[in-house]
Amino acid sequence: MSKKFEEYSQLHLNECAREISEYWKRNDIFNKSISSRQGKSHYVFYDGPPSANGLPGIHHVMARTIKDVFCRYHTLKGEQVYRKAGWDTHGLPIELGVEKELNIIKEDIGKKISVDEYNKACRASVMRYTDIWKELTDKIGYWVDQENPYITYDSKYIETLWWILKQFYLKGLLYKGYTIQPYSPAAGTGLSTHELNMPGAYKEITDTTITVQFKARKESLPEFLKNLPGEVYFLAWTTTPWTLSSNTALTIGDSIEYTVVQTFNPYTFEPVYVILAKSLVQKVFSEGFSPVSNKISLESFKKEDKKIPYRALQSFYGSDILGSRYEQLLPWVLPYENAENAFQIISGAFVTTEEGTGIVHTAPTFGVDDAIVAKRHNVPPMLLWDVQKKQAVPLVDTQGRFIKEVPEPFSGRYVRNEYYKDKAPERSVDVELAILLKSIGRAFKVEKYKHSYPHCWRTDKPILYYPLDSWFIRTTAAKADMVSLNNSIHWIPESTGKNRFGHWLENLNDWNLSRSRYWGVPLPIWRTEDEQEELIIGSLAELITEIEKSVRAGLMKKNPFGAFVPGDMSWENYKAIDLHKPIVDDILLISPTGKSMKRESDLIDVWFDSGAMPFAQWHYPFENKEKIDQGKFYSADFIAEGVDQTRGWFYTLHAISSMLFQSVAYKNVLSNGLVLDKNGQKMSKSKGNAINPFKILELYGPDATRWYMISNAQPWENIKFDISGIDEVRRKFFGTLYNTYAFFALYANIDGFCYKEAFVEVAQRSELDRWILSELHQLIKKVRNHYDAYDPTRATRAIADFVINDLSNWYVRLCRRRFWKGDYTQDKIAAYQTLYDVLFSVSLLSAPVAPFFSERLYMDLTCVTEKEAFESVHLAYFPEFDEKLIDEPLERRMHIAQRLSSMVFSLRKKENIKVRQPLKQLMILASSSEEEKSVCAMFDLIKQEVNVKEIHFLTSDTAGELLTRELRPNFKKLGPKFGKHMLFVSHVLSHFSQEQIRQFEKQGIFTLKVQGSQKVISLQEVDISIRKVKGWSIDTHEGLTVALDINIDEKLRYEGIARELVNRVQNLRKAQGLEVTDKIKLSISASLEVEKAIKLNKEYICEDTLSASLSLNTYINEAEEIDFEGETIRVSVQKLAYG
RNA sequence: AGUCUCGUAGCUCAGUUGGUUAGAGCGCUACACUGAUAAUGUAGAGGUCCGCGGUUCAAAUCCGCGCGAGACUACCA
């Protein structure tokens, strides 16, 4: 006996996924999907490492689905797709988590808890949830190698990072410098941008602002300013007056227009000339000033006058005063270096004329932009040399107080009142300074100003921007490379790469690598105390050689890595050592001149960890050298992460790769949007709208979840996650596909179809078969293109549309009788083969997105026919597009037939005539003879579908007077021809009478006068449609018109009754649980009228209901009473024992 | 604050190089169809295509300015 197709009572996507998952595990399908492609071209994929100390969320399901879709697709295309999972194990989120758990703060590390213990706690915490992550990964069917993941804290991984850093060092890309970083004086610690971007960090505060007069050194000014008869001042505005003592430059915009204004200081009434941006004169001189136009009214000013007069003199560009000098505003101290370069006018791109004066007070020790622009112009920051600390210090200490070198009354005071722990003085430093500057005639304006300012999330006090020592990668040196390499990357969507990422690259700053934390990769640089000698370590072998030197010189007692054997690449060897703090901090090395060298205490930015994964995941170049050098696993063909990674992982991958090998790290990158809740709000635990992915998977299974996420919105757009959408996908797409299979299985099993018969040539098959195959191959082409273009959304929509509309709702519905009626003929075999082939192809097309259900479908189909040698759909090959099966005229015909049918249904509805009631004839008016011909071929189909006996054509002529035509201008064609007279032409054409239209149709052209000249309009330039036919029930749509003869004669009426009866009997059969093939004995008791209908159609009724006998008007014992055609009839269905 | 993305029916989304009656699905109402159907068909209700200007004979579509949502980057004095 041949095998049967599996039949199911119901669709259980969840159960299906569980079984398939088991099957994959049992048969090692994932590994086979890679090994079976041995020797084929590689499709290289990099998986971004998640941090395993947090629980996975629904957005991870999204991200992992996208990754999985393309890896599976390319496997199906025959490529070999390795994919290694990874874990991000270092960094601040992990440290913060541990601190919270242990209930400690950063300052406690090294005191309450040793660094060693702290790091052990981090290491333990970081892999805590790996089991849950693995479970999710399995459940959603994300195929990735979880057995051999790369883990950023592994010694091998760190060794590669050190090697890369050394390469950068040798290229001169690594340097130590100071930068301005967010700093919390109250907490005594620097803050990361991550901490700064925590919700609520930015708050509105009100500051005292001063518009300050900086007195120009006249000899340094250009001629036209030099010759002014009084003192000239630059006006600059500041929101942080306490930084004025650290001012070393003023920044202007090169191309901004400035002007010099003659006026009086509003506090001292001294006559002054002030320079500011021309467009801001009105704003700065808004209150208490009035413009005057001549010298005399200006010079006659007395301080009793209500308004201070001002007069703008000559204007000029910023570049004209570039390099001019000014007197130090608060001459308390001088910078210890290059003081001669201080106090000059420099230019910066960040200067705007939206606020202030267009001249920016620049204090390089306390502003990020200030430091950058000052450095570019070689202007020194205000730093003093501290003899005790042997280092340069700014005028404010790490507590936030002015240092002792600052004169009274400011010395020792906190720069912001918020920093006082107890009672703050009545007047803040800012206010005191404002008073001081007013008294010496250097304050031009003092105002309160409200703006948003970042606060420390721990102390809730405003942060300070403060210079801190850091190690940098000179990414700016590789900017040109990075920009041009980026142009070769295919970004999806394009705008992320071109705009967001492109602009970011254009405005690149050097990469600050330093993190003064505990749990991370230590910077492998050792330095002597005088900073004259330094050594960078690029491998463990190198480190051990250096340690041994140091031990010999007596600097260290013993080698802490004594157990390590250089050159032995085994995991055991590498597991024996730990390269984290505090162990590496205890290592002292010896410099070439015999001095002791200590490690630079910083850790490196965790983004460097993940950005180096193309190399570090393979322990390059210590192992797997050929994988990278021969380009087998580098660069990636594809990566995908959230759009928030643009400046994160996408950037660090790109930067490291560009600088190391002048190559891209990835060729195609998809940045996916966010998963929002159904109201478009971001999901967060605090809002309580976060969705537990396990719950969703439990409810709907992975396939529906994946399909919903992919098909609902394009991956790069945000998705509003609504679980009712998943349910809809399950019902509509999976439900329909399942039902189609169930239908196939039911009848294939009855007929014993198992694809043993010879392949029926497609040309020999029926119209419907050829049509669905043609549509299928159009689908294959579309789906391939969409997957290839990284647009899975369009692929899934096309598949669902095909399955629901073309396959289930049209092909199967119209073919039903072919399957359950008649003998096992060639036509029936062709139908089975067609449906089988279509379902088979659909299983493959859907496999990347719905891996479990597709597997079930594929296996249920193939295990009976044994036509495929593969154990899994994921080991098979993607369907090829076959041009020869495309029959576009047939597709058009079928489309017309569908439209016609739907029009007839509409008419029946209008006339209240059931589809079961046969009608005599249908008339069709086609707009062209070509159309007419194609409809002809569809007659049988349409007759069956809409239940009419005959179809005739109505020609324009025969229809004659019946038709009312409507003429509409074709704007696309006529628009360019008539231009602005279009409105007139449109008016004329749409007011044509029936007679005029007929004339036009006959003659083919119409002439009209436009602006005195004769213009000709042809029939091709208008659309004529038909409105109605007198005395007929008619409908018209897309140029097709149908008319339905709604007269029902007696014969038709009886036939309708018979069909109605068949339907009732079928329902009874089903209700009684009869098999489709069971034969019955049918008995009916009804009125004479119904009996007559039955008698006339007895053969038909018996055939369709599988009735061996039909008896009428007999006394029936156990019968169903049915409301039927306005009466109650009694029907009995009895199963026959044989048959 | 800047940069980028988005804004079409109650909801989720289509809408080609600009062409005059803006579509589909879900949901709602009514009726039908069905021996594969948690499916489907027909009809109805449902729109200021975010707003305002501009370009054009013609704008949901192109341009400008706003408004709103989101992301990223940030004390631009």
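The shown structure was predicted, so the numbers you read here are calculated from the model rather than taken from an experiment. Residue numbering restarts at 1 for every chain, and letters A, B, ... go by the order of the sequence lines.
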Just how far is it from atom CH2 of A:Trp242 to atom CG of A:Asp430, taken to the nearest 0.5 Å? 8.5 Å
B:rG15 phosphate, OP1 or OP2, under 4.0 Å from A:Arg794 side-chain N/O: yes
Should the ring pair A:Tyr326 and A:Phe214 be called parallel, tilted or perpendicular, given that the plane angle runs from 0 to 90° and is split at 30 and 60? perpendicular
How are the rings of A:Trp491 and A:Phe501 set to each other: parallel, tilted or perpendicular (split at 30° and 60°)? tilted
Residue pairs passing the side-chain hydrogen bond (donor to acceptor under 3.5 Å, both in side chains) test where at least one lies in residues 357-373 of chain A, sequence neighbours excluded: A:Thr243-A:His361, A:Asn247-A:His361, A:Thr251-A:Thr362
Rounded C1' spacing from B:rC11 to B:rG41 in Å: 23 Å
Nucleotide forming a Watson-Crick or wobble pair with B:rU48, both distances under 3.5 Å: none
When A:His361 and A:Gly979 are each assigned the nearest nucleotide of RNA chain B, the 5'-most assignment goes to A:Gly979
Check the orientation of A:Phe753 and A:Tyr832. Use parallel for under 30°, tilted for 30 to 60°, and perpendicular for over 60°. parallel
By nearest atom, which of the nucleotides B:rC26, B:rA36, B:rA14 is closest to the A:Val812 side chain? B:rA36
Hey, is the side chain of A:Lys732 poking within less than 4.0 Å of OP1 or OP2 on B:rA39, counting only N and O atoms? no
OP1, OP2 of B:rC33 versus side-chain N and O of A:Asn1063: anything below 4.0 Å? no
Map A:Asn809 and A:Arg813 onto RNA chain B by nearest heavy atom, then report which one ends up closer to the 5' terminus. A:Arg813
For B:rC31, what is the paired nucleotide under Watson-Crick or G-U wobble rules, both distances under 3.5 Å? B:rG41
Using the side-chain heavy atoms of A:Val368, tell me which of these nucleotides is nearest: B:rA39, B:rC75, B:rG19. B:rC75
Taking pairing as Watson-Crick or G-U wobble with both contacts under 3.5 Å, can you name the mate of B:rC75, or confirm there isn't one? none
Given B:rA36, B:rC75, B:rC76, identify the nucleotide with an atom nearest to the side chain of A:Asn739. B:rA36
Once you apply the 3.5 Å cut-off to both distances, tell me the Watson-Crick or G-U wobble partner of B:rG18, or none. none
When you get a sec, tell me which of B:rC75, B:rC13, B:rU20 is the closest nucleotide to the side chain of A:Ala713? B:rC13
Counting only side-chain N and O atoms of A:Arg731, is one of them less than 4.0 Å from OP1 or OP2 of B:rA39? yes
Checking contacts here: which listed nucleotide (B:rG41, B:rC26, B:rA36) is nearest the side-chain heavy atoms of A:Glu728? B:rC26
Answer with base, sugar-phosphate or nothing: what part of the nucleic acid does A:Pro976 contact at a heavy-atom distance below 4.0 Å? base
Applying a 3.5 Å limit to both distances, which nucleotide forms a Watson-Crick or G-U wobble pair with B:rU12? B:rA24
Donor/acceptor link under 3.5 angstrom from A:Lys972 side chain onto base of B:rU17: yes
Who pairs with B:rG53 - Watson-Crick or G-U, where each distance is under 3.5 Å: B:rC63
Closest listed nucleotide, where the reference is the side chain of A:Thr740 and the choices are B:rG25, B:rC75, B:rA36: B:rA36
Electrostatic pair A:Asp801-A:Arg797, nearest N-O below 4.0 angstrom: no
Measuring to OP1 and OP2 of B:rA14, would you say a side-chain N or O of A:Gln714 lies under 4.0 angstrom away? yes
Which nucleotide wins on minimum distance to the side chain of A:Asp369, given the candidates B:rC76, B:rA14, B:rG19? B:rC76
Side-chain atoms of A:Glu717 come closest, of B:rA36, B:rC6, B:rA39, to B:rC6
A:Tyr747 side chain N/O closer than 4.0 Å to the phosphate oxygens (OP1, OP2) of B:rA36? yes
